[in-house]
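Structure first, commentary second.
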Amino acid sequence: MRIVGPVHRPAPAILLMASFESSAGKNAAENAAASTKGTPLIGQHALLRQILTIAERVARTDASVLIGGESGTGKELIARQVHAFSRRANAPFIPVNCGAIPAELLESELFGHEKGSFTGAIASRQGMFQLADSGTIFLDEIAEMRLDLQAKLLRVLQEHEIRPVGADRTVRVDFRVVAATNKDLKQLVEKNLFREDLYYRLAVIPVHMPALRERRSDVPLLVQHFLAEHNRRHSETPVTIAEDAMVYLWEYDWPGNVRELENLIERMVILADENRIRLADLPPYVRSFISEKKHPKPILTDDGFDLQQAVEDFEMGLIDEALRRTGGNKQQAARLLGLKRTTLVAKLRRVREGPPTAGDLDGDDDGEMQGETA
Ligand SMILES: Nc1ncnc2c1ncn2[C@@H]1O[C@H](COP(=O)(O)OP(=O)(O)OP(=O)(O)O)[C@@H](O)[C@H]1O
Ligand SMILES: [Mg+2]
């Protein structure tokens with residue numbers, strides 16, 4: 001894949017799984033594949049490599065890991081990597097979504113309960129901590145946990161003993177905890193919405209997953225990876241992607257990060273015409289993103305507005321962009337903009353020299369292009 005335009009050309013695609021194999025040994029890589037349910041971690045950006053190095057190092061210990069970062073950045077994937085590279089890899093990895101379980105049920109979900117301890121507790125039941133014995137418990141969306149339960153969790157992390165709801169005994173459990181949140185936990189601590197002592201207990205090793213827009217150079221790798229994956233699932237003839245469409249995917253800011261990218265590629269594969277994803281197939285919010293980013297919406301104030309100037313600025317912005325992307329080739333730039341080459345040249349000249357004079361449209365004296373036909 002050749003990337004054109006404003007992007008740097010990415011180095012040859014590699015999967016980080018491969019580098020893991022060499023550093024952590026084949027068994028570790030196999031375990032990683034199993035515990036990540038066959039989802040390889042794609043990316044070669046330095047920020048991601050750093051995180052993987054930390055994950056690999058921390059995996060040799062039982063230290064708690066707190067993973068932050070926006071939604072869809074791969075927090076759970078990293079948590080699974082930590083587990084997979086640890087001595088606990090053959091024991092369970094137990095994810096608990098603290099935000100999805102009603103607050104009044106979360107305690108019994110985590111620590112279990114005795115028969116009859118509350119209405120509906122018809123039998124005693126083991127909690128997630130006990131299921132994670134010898135393995136890893138992944139406390140996802142930890143910021144959603146209520147303060148009263150935070151106090152109980154802190155005690156469990158300190159003593160490695162749990163007390164099931166309604167029980168008068170404690171049970172020893174051997175676990176490692178990895179927690180994740182997309183909230184700013186430090187800020188919640190300052191607002192007294194999260195216990196400071198629990199924060200420090202969880203964040204022995206803090207890890208921050210970068211947003212996809214902070215590691216754009218991974219976009220082409222991820223696109224190709226998800227194309228291959230969804231081609232396998234949905235399509236008999238492989239769907240490919242046009243270069244200009246890839247440029248727009250690169251430039252887009254991806255508020256939903258890798259998850260948003262994956263969902264979009266899946267949809268594009270299913271809907272693709274003639275097995276090709278073209279620029280025109282991308283959703284309008286992706287296609288309009290580049291121009292909106294560079295040309296924020298003008299505001300009409302009571303002081304008035306120079307419409308003529310704004311239109312010219314807008315035009316020149318797009319012409320500059322087209323020329324930059326085509327390496328200064330006016331023929332190709334004009335085609336990108338849906339203009340005749342002579343029209344583009346006239347616009348450039350008008351901006352440089354003021355209003356056009358007769359004869360301006362006859363040609364171009366720059367002579368920068370060889371073999372142009374228009
Ligand atoms: N580097 C990556 N390589 C391949 N797939 C990835 C990568 N990062 C994320 N994904 C995929 O994107 C999706 C979201 O990842 P994950 O669930 O780990 O994100 P998250 O940070 O936990 O999101 P949330 O905060 O919404 O729970 C998953 O399907 C995951 O497999
Ligand atoms: Mg998650």
Side-chain angles (χ1 to χ4, degrees), residues 10-11 13-21 29 32-56 65-85 93-101 128 136-145 177-185 188 202-203 205-234 249-250 252-269:
I14 55 156
L15 299 187
L16 269 167
M17 286 295 290
S19 63
F20 250 127
E21 218 167 300
S35 138
T36 53
K37 291 196 207 127
T39 309
L41 221 131
I42 308 298
Q44 57 176 12
H45 193 282
L47 286 173
L48 199 67
R49 282 178 172 279
Q50 253 171 24
I51 287 171
L52 281 162
T53 306
I54 293 171
E56 198 184 342
V65 183
L66 177 64
I67 307 171
E70 289 177 18
S71 182
T73 47
K75 295 186 292 295
E76 179 158 352
L77 219 50
I78 289 292
R80 288 179 183 275
Q81 296 281 358
V82 169
H83 173 72
F85 288 116
F93 174 91
I94 305 287
V96 186
N97 188 331
C98 304
I101 301 167
M128 297 298 192
T136 305
I137 186 159
F138 175 52
L139 300 176
D140 203 1
E141 297 193 33
I142 187 75
E144 307 308 316
M145 188 178 280
V177 64
V178 179
T181 179
N182 54 19
K183 301 256 166 76
D184 184 342
L185 219 47
L188 294 183
L202 291 171
I205 309 289
V207 171
H208 181 78
M209 292 305 292
L212 186 51
R213 64 185 165 280
E214 295 171 73
R215 53 181 188 103
R216 283 181 207 279
S217 54
D218 283 343
V219 168
L221 293 182
L222 287 160
V223 168
Q224 295 301 357
H225 168 74
F226 292 131
L227 266 181
E229 188 179 313
H230 294 294
N231 273 328
R232 236 187 342 267
R233 271 203 232 161
H234 300 295
L249 296 183
W250 174 298
Y252 181 58
D253 263 0
W254 301 109
N257 295 293
V258 183
R259 182 182 292 113
E260 184 186 4
L261 174 65
E262 172 167 17
N263 292 344
L264 179 64
I265 297 295
E266 177 169 19
R267 191 162 84 234
M268 299 278 98
V269 166

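Note that these values count all heavy atoms, side chains included, but never hydrogens, waters or copies made by symmetry. Both ligands and their constituent atoms are indexed starting at 1 by order of listing.
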Which residue pairs pass the salt bridge (charged side-chain N to carboxylate O under 4.0 Å, His left out) test with at least one member in residues 259-268, sequence neighbours excluded?
none
Regarding ligand 1, does G72 bring an N or O atom to under 3.5 Å of one of the ligand's N or O atoms?
yes
Within reach of ligand 1, part of F138 (heavy-atom separation under 4.0 Å):
neither
Is the side chain of K75 donor-acceptor paired with the backbone N or O of G69 at a distance under 3.5 Å, no angle test?
yes
Nearest neighbour in protein (non-hydrogen) for atom 11 (C) of ligand 1:
V258 CG1, 3.9 Å
When you compare ligand 1 with T73, is there at least one nitrogen or oxygen pair between them that comes in under 3.5 angstrom?
yes
So for N257 against ligand 1, with non-hydrogen atoms under 4.0 Å, the contacting part is neither
Can L222 be said to touch ligand 1, with heavy atoms closer than 4.0 Å?
yes
Mind checking whether A180 has a heavy atom under 4.0 Å from ligand 1?
no
Tell me which protein heavy atom sits closest to atom 22 (O) of ligand 1, plus the residue, atom name and distance to 0.1 Å.
E76 N, 3.3 Å
Ligand 1 to F226 polar contact by distance, N or O atoms, under 3.5 Å:
no
Could you list the residues that satisfy salt bridge (Lys or Arg N to Asp or Glu O under 4.0 Å) with R233, not counting sequence neighbours?
E229
